[in-house]
Each structure stands twice: as structure tokens, then as C-alpha cells.
Enquirer: 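Please find one structure pasted underneath; my questions will follow.
Computation of the quantities below employed the complete heavy-atom set of this structure, encompassing side-chain atoms and omitting hydrogens, waters and symmetry-equivalent molecules.
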Amino acid sequence: MQGEANGTLRPSCGGTEPPYSQELLRSLDLPGRFLFAILTLMTLIANLVFIEEAVYIYRKIPSSKRSIIIWINAAAPVIATTSCIGMWIPRSTMFTDFTAAVFFAIVIHKFLMMMIKECGGEKLLLTRFENGHFKISTGPCCCCCLCLPRVRITRRTLFWLKLGTFQFAFLRPVFMFLSIVLWTNGNYTLYNLSPKGAAIWISCFVGVLTIIALWPVGIMFQQVRTLLNCKKIIPKFALYQFILILNHLQAAIINILAMQRIIPCAPPLSSSARGAYMTQQLLIMEMFLITVISRVVYRRRYNDLEPPEYTAEAAGDNKQIPKIILNGAVSEGRLPRV
């Protein structure tokens, strides 16, 4: 009896493998089935809202910004969809988490490119901030290092910022592929964070790459937030930050609590599987709300920024002098001599 009270007689509490989908569905009571139906419906609605928004963006937004904005808006529906699949099929959690993480790694790079495009492109951005400097003492890397010098805005610094986000979009799928290969050989277990396992080392490398990728986005946002205030860049950045925090930080906290058995097991779900199960349900609801809010923020046409002052002056100086044609003779700005 004491062993039963401590949970030692429950196989689901002793192991870490999630149950099969049919086993999970059989264990659901009526409220649990109702919750499954509601969350699945929310995922479906989020995808329909995104499809309608993508059609609007494709028709109304210039082609130079179209694909970037669609990628950014797809982040919340994709995470909601992968979470819904993981909720229905618990043993697919590792693959659905990898898919969502890879997609959001690309979105981080796309968000940086969107801010550059909204400034008119790389050339106009360099023109607008010709004598400006980047403030590099921003989060998540150097928010406390206020003594860091400012870096001049040049084509070279823009290249390094884009490289900082691109490396994560490139290397995240590489680490995902490596994790799957090691998993097939039995060297990678999602919930095994011991130093002898590969999961802890791959997670540390991915964490460092994530911080490096988030730094350029924060630097660029600090520079352009005043200029792009008319294009609602602050609400867009807030939505991007919410997705980042909920998809990474919230999931990490719940997984740690589950591995420490603070979140108890609930047969047929072990503690780790139940933590992932809770994360998926929370993400579906949160990504549904973010999808609806993103539709309000992105589904409108903003006016383009005015060209830089010196460009307008140069255009005024280069205006052609009116030509007068008199008896076949051409004169610029004056009558021909007789």
C-alpha cells in the first residue's frame, strides 16, 4: 500500500516515454474530450485566420515585403498546429517541437529583414542613419554593459547583424538533424539532461546560438523604433517577443518542473509527458490569441516613409531646366540669340 501511495506501482510514473495516442484518448473523461475538441477548433480557426490574412497580404502588400510578412504571421499558427499534433500524438512531441523551433529560427531572421525593408531597404536605411551609431548594449547579451561603445552604422555592420540572425536560421535545422540521428542510435533522449547524454550539450549550443540571434534584432529595434512608429513597429515587436517567451521560456520552465517531479504524473502520462502535454495546451490557446491580434496589427496598409531630406534636395537640384524650341533652335531656360 505504501508503494502504491508513492506511485512506485504505476508504470507511467516510473518511465519517461509518452503513451500512444489511442491509450491517451481512452483515458480521457468527458471534460478532457471537450477540452481536446475546443483546442483543436482553436487551432483550426487560427489557421483559417492566417490563410485569410495571407491572401490579403498577397493582394495588397508590395512584393518586396510580401513573403517576409507572411513568414512572420505564420509563426503563431505553425506553433499552434505543431502543439495540436503533439497533443493528439504524444510520442511525436520531439519532432513537433523541433519543427516549431526551426520555423521560429527563420522567423527571427525574417523579422530583422522586415525592419530593414520597412525603412526602405538597406540603401535608404544607410542614408537615413548616415551619421548614426548602433547602441549595442541591448538585450539579451549586453543589456547590463552600458560602457560598450556605439558602433557606426555602415554596410559592414548591417552585414554582421544579418549574419547574426542567419546563422541561427541555418544552424538550428543542422542541430535538429543531428539530434534525430543521435536519437535513432539511442544517444539522444529528450528528457535526459545528464552530462553523459547528448541532449544537454545540444541544448546549450542552441541556447548560445539563440542569444546571438536575438541580439541583432534588439539592436536594430532600438535604432528604428522611433522612425517606424508610424508603422506600429512596437506592437509588432511585442508580438514577436511574446511568441519567443511563450514558445521557449515558458516551455523550458514547465519542462524543468516536470523533470523535478513538481508536476505530478497522471496515468497514462508520466511527469515529463504531462509537462509537455500542459505546454502544448497552453501554447494552442496563446498562439490563437496572438494570431487574432496579429491580424489586427498586420492587416492594414501603412504609408511609405518619406525619402531622406538630402535626397529630396538633390532631386530638386537635378531637375531639368525647361527647354524652349524656337525656329528649330533649342535653348535651355532662355530665348536664343538673334
Enquirer: Could you verify whether a donor N or O on one side chain and an acceptor N or O on the other, from Asn255 and Thr279, lie under 3.5 Å apart?
Expert: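 No, because no side-chain N or O of Asn255 sits under 3.5 Å from a partner of the opposite role on Thr279.
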Enquirer: Closest approach of Gln281 and Leu35, non-hydrogen atoms and distance?
Expert: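 The pair with the smallest heavy-atom distance is NE2-CD2, 3.6 Å.
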Enquirer: Quick check: are there more than 12 heavy atoms from other residues, nucleotides or ligands sitting under 6.0 Å from CZ of Phe242?
Expert: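 No, the 6.0 Å shell around CZ holds no more than 12 heavy atoms from other groups.
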Enquirer: Would you kindly confirm whether Ile38 and Ile284 end up in one hydrophobic cluster when ILVMFWY residues are joined by side chain heavy atoms under 4.5 Å apart?
Expert: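 In one cluster: yes.
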Enquirer: Quick one: is the NZ or CZ of Arg66 closer than 6.0 Å to the six-membered ring centre of Tyr58, and within 45° of its axis?
Expert: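 Geometry flag: set, cation within 6.0 Å and 45°.
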Enquirer: Assess the pair Trp71 and Phe103: is the distance between their ring centroids shorter than 6.0 Å?
Expert: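 Yes, they do, as the ring centres are separated by less than 6.0 Å.
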Enquirer: What residues join Tyr20 in its hydrophobic cluster, counting side-chain heavy atom gaps under 4.5 Å, either direct or through other members?
Expert: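 Taking Ile, Leu, Val, Met, Phe, Trp and Tyr as members, Tyr20 stands alone, with no cluster partners.
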Enquirer: Kindly give the heavy-atom pair with the smallest separation between Ile106 and Ala169, and that separation in Å.
Expert: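 Result for this residue pair: CA-CB, 4.0 Å.
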Enquirer: Quick check: closest heavy atoms across Gly86 and Thr93, and the distance to 0.1 Å?
Expert: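 Nearest pair, atom of Gly86 first, then Thr93: O-OG1, 4.1 Å.
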Enquirer: Can you label the angle between the Trp88 ring and the Phe36 ring as parallel, tilted or perpendicular, going by 30° and 60°?
Expert: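 Taking Phe36 first and then Trp88, their aromatic rings stand perpendicular (interplane angle over 60°).
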Enquirer: Verify whether the ring centers belonging to Phe170 and His109 lie closer than 6.0 Å.
Expert: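 Judged by ring-centre distance (under 6.0 Å), Phe170 and His109 do not meet the cut-off.
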Enquirer: How are the rings of Trp183 and Phe95 set to each other: parallel, tilted or perpendicular (split at 30° and 60°)?
Expert: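 Aromatic pair Trp183/Phe95 classed perpendicular.
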Enquirer: List the atom of Leu269, the atom of Ala273, and the distance in Å for their closest heavy-atom pair.
Expert: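 Heavy atoms only, the tightest pair is CD2-CB, 4.1 Å.
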Enquirer: Relative to each other, are the rings of Phe237 and Phe221 parallel, tilted or perpendicular (30° and 60° limits)?
Expert: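 Parallel.
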Enquirer: Taking all heavy atoms of Phe134 and all of Met220, pick out the closest pair and write down the distance.
Expert: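 Looking at all heavy atoms of both residues, the closest pair is CZ-CE, 4.0 Å.
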